[in-house]
Amino acid sequence: MNPPNPSDAPAAGAAVSRCPVAHGGPDGVTRLYGEGAAGDPYAIYERLRAEHGPVAPVLLEGDVPAWLVLGYRENRRVLENPRQFTRDSRVWRNWKEGRVEETSPLIQMVGWRPDCVSQEGEPHRRLRGAVADNLQAVAGRGIRRHITHFANKQIDAFASDGHADLVSQYAEYLPMLVLTRVFGLAESEGRQLAASCAQVIKGGEEALAHNDRIMKILGELAERKRDEPGADFTTGLLEHPADLDDSEVLSHLRLVLIAAHTTTSNLLARVLQLVLTHPSHLAGLVSGQLNISAVVEEVMWNKPPLAVLPGRFATADVELGGHQVKAGDLLVLGLAAGNLDPGVRPDATAALHGNKAHLAFSGGSHECPGQGVGQAIIETAVDVLLHRLHGLSLAATPEELTATASSWEIRLDRLPVEFTPHHT
């Protein structure tokens, strides 16, 4: 099968003004993937907003057409109206008509699975209830003790050096190490799972193989926990009154593992970046005058861990942001762009203290159920780091801190720091 091509779309779609399938073909529509999109996606979002308004035609990996929702109000409308914009990709026209291959990296992000993210209504409520109940139980079982343990273990590895990269040596793996304990996995599997989760989000040719690796490890975990149950998230899913079948258990283990690790590791790196590039933030946190939750909220508004959220599908023809969206069209939600919508934030530098109306956790019935666990990891990880490393400072100028984008996220490349060496 040839790669999906927007020009292959049905004539009905092609007749619509500004429809993504009619916007000049692959060369006339902005790609959200590849080298051209990896450098400064915020500039791309603003250019698209200027050219198209709050909704813009784009191409995803494999030149698959989609609508990128850029406006804050339009994002809210899509997130909060599942009858018009469903998460169930079985209505996706390009998929149904054979233009997207099963092996496409997009399938790892938007393809249908027997999990709560892929469904609406009662099936969604049943499955989401099992996930939410068990995440709440995990958060109440002393999760901060696990976070503190692994944070200290990570810091021990570089504390005597006097310098470190807080991305590769701290933020990139810490959430996954915590999740191994939460899931009942072996700590030794953490680094491999972290690398595979990152590749699934990044996309590319290796995404499918890394997804298979994750599923193999989680499948073995579920089998083990049936025979040896414990006080962990996996056992909780297996024993929940919602009576999840084998495929539902495995799909939710995958969903929570990938989403929790990738978003939390990205968010942790960005929170540390903000703290280290603003001396007043660092001083406030060390002295106790500034609460870490305020720093997290600032990052959630300005650099959310998922810049673009996959995906929603129009259930019928509908007008959105001045564009005619056709039934079966794919929409992806520009959370980063929506948070910076000048219609709701005319001054992007204005203080946001106490304002939690950002889009970073999604919204509506599919709003992230793991916020408490992620918040605990961030708060504890920052607290341990600041108390362990004295004289902590950035070992680069703020302008030297670069990031690399994929279709869905913008990850900090490195965060070099210096501090007083500590010999244990």
Side-chain angles (χ1 to χ4, degrees), residues 33-35 37-38 61 103-111 113 146-147 149-151 153-158 164-222 224 233-234 250-273 305-308 310 370 373-374 377-378 381 401-416:
Y33 71 98
E35 292 183 10
E61 194 159 2
T103 55
S104 166
L106 280 183
I107 297 301
Q108 307 307 322
M109 300 301 295
V110 303
R113 285 183 170 79
H146 301 320
I147 304 164
H149 166 76
F150 285 115
K153 191 170 183 178
Q154 293 284 93
I155 294 168
D156 286 343
F158 58 76
D165 172 13
L166 294 183
V167 171
S168 64
Q169 293 177 269
Y170 197 61
E172 194 169 303
Y173 294 108
L174 180 56
M176 183 59 76
L177 293 172
V178 175
L179 288 169
T180 60
R181 189 68 58 89
V182 168
F183 274 54
L185 283 158
E187 179 185 334
S188 60
E189 293 175 311
R191 288 187 178 271
Q192 179 181 350
L193 282 168
S196 290
C197 287
Q199 195 63 53
V200 169
I201 295 282
K202 183 179 178 182
E205 295 179 358
E206 299 179 12
L208 184 61
H210 280 278
N211 187 72
D212 289 345
R213 184 177 299 169
I214 292 169
M215 297 299 277
K216 180 177 184 294
I217 292 173
L218 294 178
E220 293 168 353
L221 170 67
R224 189 164 66 249
F233 181 75
T234 306
L250 194 54
S251 289
H252 286 95
L253 290 174
R254 173 195 180 275
L255 170 67
V256 174
L257 187 83
I258 295 176
H261 169 69
T262 55
T263 58
T264 307
S265 61
N266 197 0
L267 180 59
L268 176 55
R270 290 299 192 175
V271 168
L272 291 171
Q273 177 190 16
L306 271 184
V308 177
V373 172
I377 292 175
I378 300 294
L401 301 179
T402 59
T404 301
S406 66
S407 301
W408 316 111
E409 59 177 7
I410 309 166
R411 297 189 78 88
L412 192 63
D413 294 323
R414 64 189 190 100
L415 189 60

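As a basis for the values below, the full set of heavy atoms in this structure was taken, side chains included, without hydrogen atoms, waters or symmetry mates.
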Nearest heavy atoms of Pro310 and Val110, plus distance in Å = CB-CG1, 3.5 Å
Considering all heavy atoms of both residues, which atom of Pro105 and which atom of Gly203 are nearest to each other, and what is their separation?
-> CB-CA, 4.1 Å
Closest heavy-atom pair, Ala403 versus Asp413, reported as atoms and distance to 0.1 Å, is N-OD2, 3.3 Å
Would you call Gln199 and Arg213 a side-chain contact if the rule is heavy atoms closer than 4.5 Å?
-> no
Do the side chain of Gln273 and the main chain of Ala269 share a donor and acceptor less than 3.5 angstrom apart?
-> no
Nearest-0.5 Å distance, CG of residue Leu166 to CG of residue Leu174 | 11.0 Å
Within a strict 4.5 Å, meaning less than it, do heavy atoms of the Gln108 and His210 side chains meet?
-> no
Using the side-chain contact (heavy atoms from CB on, under 4.5 Å) rule, take Leu185 and Leu193 through it: C-alpha gap first, then chi angles, then the decisive distance, then the call.
-> CA-CA 10 Å; Leu185 283 158; Leu193 282 168; 3.7 Å; yes
Quick one: do the Arg414 and Gln169 side chains pair a donor with an acceptor below 3.5 Å?
-> no
Could you tell me which non-hydrogen atom of Thr180 sits nearest to which non-hydrogen atom of Leu177, and how far apart they are?
-> OG1-O, 2.5 Å
Find the distance between CG (Leu218) and CG (Leu255) and round it off to the nearest 0.5 Å.
-> 11.0 Å
Glu61 side-chain N/O to Ser104 backbone N/O, donor-acceptor pair under 3.5 Å = no
Find the distance between CD1 (Ile258) and CG (Asn211) and round it off to the nearest 0.5 Å.
-> 5.5 Å
In Å and rounded to the nearest 0.5 Å, what is the CD1 to CG distance from Ile217 to Leu253?
-> 12.0 Å
Beyond-backbone contact of Leu268 with Glu172, side-chain heavy atoms, under 4.5 angstrom | no
Among Asn266, Leu415, Leu272, the one residue meeting side-chain contact (heavy atoms from CB on, under 4.5 Å) with Val167 | Leu415
Apply the test side-chain contact (heavy atoms from CB on, under 4.5 Å) to residues Val178 and His261: give CA-CA distance (whole Å), side-chain angles for both, the deciding distance (0.1 Å), then the verdict.
-> CA-CA 9 Å; Val178 175; His261 169 69; over 6 Å; no
Using the ring of each side chain (for Trp, its six-membered ring), is Tyr170 parallel, tilted or perpendicular to Phe158, with breaks at 30° and 60°?
-> perpendicular
Between atom CG of Leu306 and atom OG of Ser407, what is the distance when rounded to the nearest 0.5 Å?
-> 11.5 Å
Thr234 side chain to Phe183 backbone, donor-acceptor under 3.5 Å | yes
Are the side chains of Arg254 and Val200 in touch, meaning some heavy atoms are under 4.5 Å apart?
-> yes
So, for Ile107 and Arg113, which heavy atoms are closest and what is the spacing to 0.1 Å?
-> O-NH1, 3.4 Å
Backbone of Thr262 reached by a side-chain donor or acceptor of Arg411 within 3.5 Å | yes
Closest non-hydrogen atom pair between Pro416 and Leu401, with its separation = CD-CD2, 3.8 Å
Under a 4.5 Å cut-off applied to non-hydrogen side-chain atoms, are Arg270 and Ile410 in contact?
-> yes
Is it true that Lys216 and Glu220 make a salt bridge, defined as a side-chain N closer than 4.0 Å to a carboxylate O?
-> yes
How many angstroms lie between CG in Leu179 and OG1 in Thr264, if you round to the nearest 0.5 Å?
-> 7.0 Å
Minimum side-chain heavy-atom gap Cys197-Ile214 below 4.5 Å = yes
